[in-house]
4 protein chains.
Amino acid sequence: MGGAQGRPMRADAARNRARLLDAATEVFTTRGVGVPTEEIARTAGVGVGTLFRHFPTKEALLEAVMVRRLEEMAVRTARLADESEPPEAFFACFRLVVEQSEGKNEFAQALAAAGVDVHASLHEPTMEIQGRLADLLTGAQRAGAVRPELGLPEFLALLAGTSRAMEQLGADPEPRERIFQVVFDGLRPRRGTSAK
Amino acid sequence: MGGAQGRPMRADAARNRARLLDAATEVFTTRGVGVPTEEIARTAGVGVGTLFRHFPTKEALLEAVMVRRLEEMAVRTARLADESEPPEAFFACFRLVVEQSEGKNEFAQALAAAGVDVHASLHEPTMEIQGRLADLLTGAQRAGAVRPELGLPEFLALLAGTSRAMEQLGADPEPRERIFQVVFDGLRPRRGTSAK
Amino acid sequence: MGGAQGRPMRADAARNRARLLDAATEVFTTRGVGVPTEEIARTAGVGVGTLFRHFPTKEALLEAVMVRRLEEMAVRTARLADESEPPEAFFACFRLVVEQSEGKNEFAQALAAAGVDVHASLHEPTMEIQGRLADLLTGAQRAGAVRPELGLPEFLALLAGTSRAMEQLGADPEPRERIFQVVFDGLRPRRGTSAK
Amino acid sequence: MGGAQGRPMRADAARNRARLLDAATEVFTTRGVGVPTEEIARTAGVGVGTLFRHFPTKEALLEAVMVRRLEEMAVRTARLADESEPPEAFFACFRLVVEQSEGKNEFAQALAAAGVDVHASLHEPTMEIQGRLADLLTGAQRAGAVRPELGLPEFLALLAGTSRAMEQLGADPEPRERIFQVVFDGLRPRRGTSAK
DNA sequence: AATGAATGAGCATTCATTCAT
DNA sequence: CATGAATGAATGCTCATTCAT
């Protein structure tokens, strides 16, 4: 599955598609989803027509950007999960997802505003990541590293929230690290609770 | 200060202004900042002309909505801070601000996207709240209830992030409470650290 | 019924609406339905926004133009039918409809291409005119002035066809008159048939 | 004259040209001249590039379609004229032209809208048919079967108009026949006139 | 002061035509 | 020669803002 369509797509077409995705990611992230399509095309170094040949709708472009980010995240999450043991993998993936999600919040809102719910093409990678995160959560909880009462929804909400906090904080690494300390400490089981 | 212009503003004008603010708050919060001004006017039961007489710009209306929310928050924060002692006041205000901020995130982004930085009229109430929050933070830190290494920026970022997490979580109180538990526990000083 | 909406519409708004209809009629008739909306607005002396305030769609404008022509035609047809006796009224209305329909053919095609069938607002005046024409036809047939085997569809088709012929012929009255002679003579009952 | 360029055109090129003409005839007739060129190419089973190699312009394609139809009509008209005597030939050709012209009206309008007048390449076959029709008309008039006062322009206008009437009427043969009866009877000389 | 009609710059999208593969 | 990706001018429509009533 994945990119296996009928024809293999011409070299230049593939390059333009990639350029458009890169440009859109960059522009949407830094300047918001309100930027004119024409500007995205210009940033990618192609004409508007090309943009609309590859993505029939501005919304479709937005979606494709998100799908790609989600897929990348899925791959990296999977790799991290394989490399380390449950508790470490859990926290490493938490960091990864938070950092990869920065600037993506607006996308989701824009998409949600457009269609009734999240689009079909987003569903698959979303589910894949969520499944992996659910496994990491349970693993870390079994290992006693994370409070057992937390469910997947709270975990995902914490990811989104931490990402939002980072957006507000800027690039300076020290304050960012302090935010992670707060959240990670908060995730650990309470002494009294587990000890009793 | 505030609305002290030359004339005291006619009664019906004041009522229209209030209606517009209410309508804008409602509409922006539930349907986003992209809603046409005309619709806000209709919701308020006035014509567009009236809207633009009171707020010279859509952005100005957005700003006024935020100012009002911030002012309300300042008042309620002040009351809370007076009623209880530092550590309790700190956590109570944290809850208050988080709950009052839900749905407001998009506003801030829209405003930030428009002007270079936060606008002048927002500066005053923002400063007031921040000042109060800063006091609460230092008070709680002195009382040993909050990690001493946290600065105001991290605190504000945590507020924004927690609010974001709540937006994602919906209205069910139990998961929301678990989020608060995580963040509040994370805010407390580490055993080892304080023991030294 | 008819134009009786809630409010009576401001004077300038009514004038602009009329101007737009006039301009659209003129421009669509002489240069086809492909002309940009902007040009119609310019011809009417208003901005595009005004055009779209009055007619939410280019197609809606097209429709309104046709409705007005049909309504005018209904009125004039009714007047003619009242002034004269069946056979004369029939032929007089035939001429009238043919002359009023010139240039209108393309409209109908454009509308038909857009929606599946003729739009709701066109239905009423269309039905009114068709009803009147049906009455005229039967009246003329009873008076023995028109071949009895002709149905309403053939009659309407002949109207459209004669109008088309006139479009091709230009303004010179003599050839036009000869076309009418051919069609009118052809409409009369055959000797043999009526003699029986 | 005609298609006599330098090279005789490769076999596959000729086949593509024919396919394109067929596809264009089909598509223009059934769905109007507004259909994108790409779709015509797809229908023909070739790429757009090929279309534009054979016909430098969409308009040129339109023209070529009409030329071919006119040429076919010229051939069939000639054959009919040879097979029968003046009056019968006249009416047979009238039927033929009317039936062949259905759906073609829009083409002519589109072409007329584009250039100032009918294009050069259309001139030759148009003249040929018109000459033949003129001969048929005079022949039928000499034989006393058609009103002598009718000129070629009126005749052509009647052809166009009858064709338009048929378009409106649909495929049911009985009403169509009644239209022909009306027009043919109308074309015959008036008793009183000829009796004098 | 309130109203809502008018305005027009701005945007997403289409499509005839060109050109690299 | 064929292909179909690339192009960008053109178009219908929206919406913040102005202004006549």
Side-chain angles (χ1 to χ4, degrees), chain A residues 7 9-17 34-42 44-61, chain B residues 7 9-13 16 34-42 45-61, chain C residues 7 9-17 20 34-42 44-61, chain D residues 7 9-10 12-13 16 34-42 45-61:
Chain A
R7 245 154 288 195
M9 188 184 260
R10 259 166 53 177
D12 54 349
R15 203 192 52 225
N16 278 337
R17 198 190 140 90
V35 241
T37 49
E38 183 134 15
E39 184 142 352
I40 297 168
R42 188 169 38 247
V46 305
V48 245
T50 304
L51 188 157
F52 280 95
R53 166 176 280 270
H54 285 284
F55 308 96
T57 285
K58 191 186 188 182
E59 202 189 308
L61 174 57
Chain B
R7 249 156 286 194
M9 186 183 267
R10 269 166 48 175
D12 55 347
N16 279 339
V35 199
T37 50
E38 184 128 16
E39 185 141 351
I40 296 167
R42 188 168 41 248
V46 304
V48 245
T50 305
L51 189 157
F52 278 92
R53 169 170 290 273
H54 286 284
F55 308 96
T57 284
K58 191 186 190 181
E59 201 191 307
L61 173 59
Chain C
R7 245 154 289 193
M9 187 183 259
R10 257 166 54 177
D12 55 348
R15 202 191 54 224
N16 278 337
R17 198 190 139 90
L20 280 163
V35 242
T37 49
E38 183 136 13
E39 185 143 351
I40 297 169
R42 189 168 39 245
V46 305
V48 246
T50 304
L51 189 158
F52 280 97
R53 166 176 279 268
H54 285 285
F55 308 96
T57 286
K58 191 188 188 181
E59 202 191 308
L61 174 58
Chain D
R7 249 156 285 195
M9 187 182 267
R10 270 167 48 175
D12 54 348
N16 277 340
V35 197
T37 50
E38 184 128 16
E39 184 141 352
I40 296 168
R42 186 167 44 246
V46 304
V48 246
T50 306
L51 189 158
F52 279 92
R53 168 169 292 275
H54 284 285
F55 308 96
T57 284
K58 191 186 190 182
E59 201 191 307
L61 173 58

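Residue numbers start from 1 in every chain, and the chains themselves are labelled A, B, ... in the order their sequence lines are given, proteins ahead of strands. Everything numeric here is computed off the predicted structure, so don't read it as measured data.
Here the P atom of nucleotide E/dG10 and the CD atom of A/Glu39 are 13 Å apart, to the nearest Å. Computed from coordinates, the A/Phe55 CZ to F/dA6 C1' distance equals 15 Å when rounded to whole Å. Atom CZ of A/Arg42 and atom P of F/dA9 are 12 Å apart (whole Å). What separates CZ of D/Phe52 from C1' of F/dC1 is a distance of 17 Å, to the nearest Å. Atom CD in A/Glu59 sits about 18 Å away from atom P in E/dC11, given to the nearest Å. B/His54 places its NE2 atom 9 Å from the C1' atom of E/dA2, with the value rounded to the nearest Å. Atom CD1 of C/Ile40 is separated from atom C1' of F/dT11 by 12 Å (rounded to the nearest Å).
Mapping B/Val35 and A/Glu38 onto DNA chain F by nearest heavy atom places A/Glu38 closer to the 5' end of the strand. Map B/Asn16 and D/Val48 each onto its nearest nucleotide of DNA chain E; the residue landing nearer the 5' end is B/Asn16. Residues D/Thr57 and C/Arg17 both approach DNA chain E. Their nearest nucleotides, taken by heavy-atom distance, put C/Arg17 toward the 5′ side. Nearest-nucleotide positions on DNA chain F place A/Gly47 closer to the 5' end than the other of B/Thr37 and A/Gly47.
Nearest to the side-chain atoms of A/Pro36 among the listed nucleotides E/dA6, E/dC11, F/dT7 stands E/dC11. Of the candidates E/dT14, F/dA5, F/dT14, F/dA5 carries the atom nearest the A/Asp12 side chain, counting heavy atoms from C-beta on. Among F/dG12, E/dA2, F/dA2, the nucleotide with an atom closest to any side-chain atom of B/Arg53 is E/dA2. Each of F/dC15, F/dG12, E/dA2 was ranked by its minimum atom distance to the side chain of C/Lys58; first place goes to F/dG12.
Base pairing annotation: E/dT21 forms a Watson-Crick or G-U wobble pair with F/dA2, both donor-acceptor distances under 3.5 Å. Using Watson-Crick or G-U wobble geometry with both donor-acceptor distances under 3.5 Å, F/dA10 finds its partner in E/dT13. Across all strands shown, E/dG8 forms a Watson-Crick or G-U wobble pair with F/dC15, both key distances being under 3.5 Å.
Across every non-hydrogen atom of A/Phe55 and A/Arg17, the tightest pair is CE2-NH1, 3.5 Å. Heavy atoms only, all atoms of each residue included: C/Leu20 and C/Leu51 are closest at CD1-CA, 3.7 Å. Across all their heavy atoms, C/Lys58 and C/Thr37 have their closest contact at CG-CG2, 3.8 Å. When every heavy atom of C/Val35 is checked against every heavy atom of C/Ile40, the shortest pair comes out as O-CD1, 4.4 Å.
OP1 or OP2 of E/dT7 lies within a sub-4.0 Å distance of a side-chain N or O belonging to C/Thr50.
For the atom pair CZ of B/Arg53 and OG1 of B/Thr50, the computed distance is 8.0 Å after rounding to the nearest 0.5 Å.
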